[in-house]
Amino acid sequence: MDITVWVKPGSRKGPLVEEGEDRFVVFLRERAVDGQANDALIGVLATHFGVPKSAVSILHGYASRAKRLRIDR
């Protein structure tokens with residue numbers, strides 16, 4: 001399954017996943033430094049969908065807040 005995600009790094013609300021009509025909004029406490037936010041994003045989404053971290057991969061937008069991810073179930 002491919003999903004679109006809008007990431008908000010450095011948020012006090014995090015970690016939190018909000019589902020919208022066409023995308024997910026993910027609030028993370030980690031900052032976007034040295035890939036920390038991307039690593040945290042993978043962990044949060046793996047927990048949210050009940051899959052291992054290895055089943056979540058970033059397809060597009062590694063350096064952007066708007067990302068396209070694949071979740072293998």
Side-chain angles (χ1 to χ4, degrees):
M1 158 176 70
D2 291 353
I3 62 170
T4 302
V5 175
W6 182 261
V7 181
K8 295 193 174 190
S11 172
R12 291 183 182 184
K13 292 172 95 172
L16 174 67
V17 178
E18 293 181 351
E19 296 184 40
E21 280 186 33
D22 58 345
R23 69 178 180 187
F24 291 83
V25 178
V26 181
F27 298 87
L28 301 170
R29 289 194 183 272
E30 291 79 1
R31 297 243 175 236
V33 177
D34 296 330
Q36 292 175 2
N38 285 330
D39 293 341
L41 173 66
I42 289 171
V44 167
L45 288 176
T47 301
H48 181 76
F49 286 104
V51 297
K53 288 182 183 180
S54 61
V56 181
S57 57
I58 298 174
L59 301 175
H60 299 287
Y62 190 81
S64 172
R65 289 182 186 212
K67 300 181 186 298
R68 188 87 179 138
L69 287 93
R70 174 162 291 150
I71 312 283
D72 296 323
R73 290 188 163 206

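FYI, side chains are in, hydrogens and waters are out, and symmetry mates aren't considered; it's all heavy atoms of this structure.
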Greater than 12 external heavy atoms within 6.0 Å of Asp2's CG | yes
Co-membership, hydrophobic cluster, residues Met1 and Leu41, 4.5 Å side-chain = yes
pair Pro15-Glu30: side-chain heavy atoms closer than 4.5 Å = no
Distance, nearest 0.5 Å, that separates CZ of Phe24 from CG of Leu45 | 7.5 Å
Salt bridge (Lys or Arg N to Asp or Glu O under 4.0 Å) contacts in which one or both residues fall within residues 7-21, not counting sequence neighbours = Lys13-Glu18
Tyr62 reachable from Val56 in the ILVMFWY side-chain graph, under 4.5 Å edges = yes
Would you say Val17 and Phe27 are hydrophobically clustered, going by side-chain heavy atoms of ILVMFWY under 4.5 Å?
-> no
Got a second to check how far Leu69's CG is from Ser57's OG, nearest 0.5 Å?
-> 7.0 Å
May I ask you to decide if Leu59's main-chain N or O and Lys67's side chain share a donor-acceptor pair within less than 3.5 Å?
-> no
Decide whether Val25 and Val5 are clustered together by the hydrophobic rule: side chain heavy atoms of Ile, Leu, Val, Met, Phe, Trp, Tyr closer than 4.5 Å, transitively.
-> no
Return yes when atom CZ of Arg70 has more than 12 non-hydrogen atoms of other residues, nucleotides or ligands closer than 6.0 Å, and no otherwise.
-> no
Within the distance-only criterion (no hydrogens, no angle test), does the side chain of Lys53 pair as donor or acceptor with the backbone N or O of Gly43 below 3.5 angstrom?
-> no
Do Arg23 side-chain atoms and Thr4 backbone N/O form a donor-acceptor pair below 3.5 Å?
-> no
What do the steps show when you test Ile3 against Ile71 for side-chain contact (heavy atoms from CB on, under 4.5 Å), and what is the final call?
-> CA-CA 8 Å; Ile3 62 170; Ile71 312 283; 4.3 Å; yes
Heavy-atom closest pair, residues Ala37 and Ala32 = CB-CA, 3.9 Å
Same apolar cluster: Val44 and Val51, side chain cutoff 4.5 Å | yes
